[in-house]
Amino acid sequence: MESYIVEWLSLLGRWLHFIVGIAWIGSSFYFVWLDNHLQSPVEPADRDKGVGGELWSVHGGGFYHAQKYAVAPAKLPETLHWFKWEAYTTWMSGMFLLALIYWYGAEIYLIDSSVAELSQAAAIAIGAAYIVVGWLVYDGVCRSPIARNDTLLSVVLFALLILAAWSLCELFSGRGAYIHYGALIGTIMVGNVFFIIIPGQRRMVQATERGDPVDPRDGIRAKQRSVHNTYFTLPILFVMISNHYAMTYGHAWNWLILIGMTVAGALIRVYFVARHKGNASVLPLIAALVVLGGIAAAIAPRQTATTQVTDTVSLEIINEDNTGADFDDVMAIVQARCTGCHAAAPTYPGFLAPPAGVILETAEQVTRQAETIHQQSVASRIMPIGNLTNMREEERALLGQWFADGASSDWNLSR
C-alpha cells in the first residue's frame, strides 16, 4: 500500500508541476517576446503620459493593444495583475517531487555506491545544501561589482555551473546529479522572482501610489534577473526530461554532457530572443546545433571487434564441463539482477509496475530487449538503478559478450 500511495503522489505531483510549469514558462516567454516587439507610441498623448512602447496584436478573434510605461504611470488602475504564483507553485511542486522521489527514495534514485558511499541522511543533506548555497552564491555574485559587467558576470556564472555539474556527478548517481542541478537552477529562477523581481515591483507600485518618484534601479535589477531566467529555461527543461535518456546521465562524462546541453539550450534561447528584435544572427543557433551534434557523436555506441570475456568471469557463470557460458547463464544474470523490477508483477519493494514497461521474464523477452539490456547495463551502466541488486563486473562483461556475439538465445561462449 505504501508504494501505491507514493505512486499516486508522484503522479499528481508531476501533473501539477507540468501544468504550473507551462503557465510560468508561457508567461515568461510571452513577456520577453512582448518587450522585444514594442515600438515607440504613435500618439503624442501616450508619450506625454510616460508610455515608452506599444504593440498591437490579434489573437482568438480579438485585437489587443499593449503599452509599456518607461517607468510607471502617474496613477495606477484599480486592478493590477501580478505574475508570481506560477513561479512559486512550479518550485513548490518541483521540490515536492524531489523530496518524494530522490530523497525519500534516495537509496534507489540518488545514491550510487560506485560513485560515492553515502548514507541516505548524508545524501539528502548534501542535496539540500547545494540548492540553498547555490542560490546564496548566485545572488551574492549578482549583487557584487561583477554584475556591472554583463560579460564578466556571464563567465563567472557559467564557471559556477560547471563546478556544480561536475561536483554533483562526483557525489550522486547520474540521474540524481542531473535532477539536483535542475533543482539548483529552478531555485535560482524562483529566487529571482521572490527576492528581486516581485519586491522591486512592489516598491515601484508603492512609490507610484504615494506620488513619489519611482527608483529606476528596481526595474534594472528585475530586468537583469529576468534575462537570466529566460536563458535558464531551456536547460532546466532538458533536465526535467533527462531521466528518460540514460545515454546522457549514465555516461562516464555525464557532467560534461550536462554542461553541453546547458550551453546548447542557452544558445537556442539567445537566438530566439534576438529574433524577436528583428534580423537575428543565426550563429548562436548554428553553435547550439554544433554542440548537440558533438555530444551525439561523442557518446555514440562504437562498433568494435568482439571483446572476449576474461578470466575474471566468476566460476558461478562458467559451466562445470568448461564448455563456456551459454544463454542459461545470461538468463540467470537477468533473473538475479533485473527481473525483480522488470516483471509483470515486480517483487522489488517500491515498484508497482516494470520500469518503462520492460519485462524480462522469458528468453523471448530477454532477446527482444537485448539492445536495451546492453545500453542500460553495459554501455551506460545505469541499471540496475544504484546497482541495488549488486550486478558484478564479470556479469556485465558476459552480457556485453552475449550482445556483441548476436544476442542469440542459443548462444555459447566457447564458439
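When reading the values below, keep in mind they use all heavy atoms of this one structure, side chains included, and skip hydrogens, waters and symmetry mates. Worth saying up front: this structure is predicted, and the values here are computed from it rather than measured.
Checked against a 6.0 Å centroid threshold, the rings of H180 and F172 count as neighbours.
Judged by distance alone, the side chain of S380 and the main-chain N or O of G250 form no donor-acceptor pair under 3.5 Å. T367 contributes a side-chain N or O that, together with a main-chain N or O of E364, makes up a donor-acceptor pair within less than 3.5 Å. Under the 3.5 Å distance criterion, the side-chain polar atoms of S226 are left unmatched by any main-chain donor or acceptor of K223. Side chain of R396 to backbone of S377: a donor-acceptor contact under 3.5 angstrom is found. A side-chain donor-acceptor contact under 3.5 Å links W402 to the backbone of S408. A donor-acceptor contact shorter than 3.5 Å is absent between the side chain of S409 and the backbone of A363. Remark: the backbone N or O of N243 is not paired with any side-chain donor or acceptor of R175 at under 3.5 angstrom. The closest donor-acceptor contact from the side chain of T339 to the backbone of L360 lies under 3.5 Å. For the pair D329 (side chain) and D326 (backbone), a donor-acceptor distance under 3.5 Å is present. The closest donor-acceptor contact from the side chain of T362 to the backbone of Q365 lies under 3.5 Å.
Here the NE2 atom belonging to H228 is positioned 13.0 Å from the CD1 atom belonging to I185, to the nearest 0.5 angstrom. Rounded to the nearest 0.5 Å, atoms NZ (K84) and CD (Q201) are 9.5 Å apart. Here the CG atom belonging to L34 is positioned 8.0 Å from the OG atom belonging to S57, to the nearest 0.5 angstrom.
Counting only residues at least two apart or in different chains, salt bridge (Lys or Arg N to Asp or Glu O under 4.0 Å) contacts with residues 182-207 comprise R203-D218. Residue pairs meeting the salt bridge (Lys or Arg N to Asp or Glu O under 4.0 Å) criterion with at least one partner in residues 105-130, sequence neighbours excluded, are absent. Residue pairs meeting the salt bridge (Lys or Arg N to Asp or Glu O under 4.0 Å) criterion with at least one partner in residues 376-391, sequence neighbours excluded, are R381-E393. Residue pairs that meet the salt bridge (Lys or Arg N to Asp or Glu O under 4.0 Å) test with at least one member in residues 289-301, sequence neighbours left out, do not exist here. Among pairs with a residue in residues 352-388, those fulfilling ring-ring contact (aromatic ring centres under 6.0 Å, His included) read H374-F403, at least two apart in sequence or across chains. Within the structure, side-chain hydrogen bond (donor to acceptor under 3.5 Å, both in side chains) pairs that include any residue of residues 252-264 comprise Y181-T262 (at least two apart or interchain).
Between K68 and E54, none of the side-chain N atoms (NZ, or NE/NH1/NH2) sits under 4.0 Å from a carboxylate O, so this pair counts as no salt bridge.
Taking the six-membered ring where tryptophan is involved, the planes of Y138 and W135 are tilted, since the angle between them lies from 30° to 60°. Classified by interplanar angle (parallel below 30°, tilted 30° to 60°, perpendicular above 60°), the ring pair F194/Y88 is perpendicular.
Remark: F31 pairs with F83 by the ring-ring contact (aromatic ring centres under 6.0 Å, His included) rule, at least two apart or across chains. Annotation: side chain to side chain contact (heavy atoms under 4.5 Å, CB included) contacts of L388 (sequence neighbours excluded): I108, Y348. Y178 is linked by a side chain to side chain donor-acceptor pair (under 3.5 Å) to nothing, counting only residues two or more places apart in sequence or in another chain. Looking at residues two or more places apart in sequence or on another chain, you find a side chain to side chain donor-acceptor pair (under 3.5 Å) between N229 and N192. Not counting sequence neighbours, the partners of R225 by the salt bridge (charged side-chain N to carboxylate O under 4.0 Å, His left out) test are D139.
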Tell me which donor-acceptor pairs under 3.5 Å the side chains of residues 19-29 have, and how far apart each pair is, sequence neighbours excluded?
residue	atom	partner	partner atom	Å
S27	OG	A23	O	3.1
S27	OG	W24	O	2.9

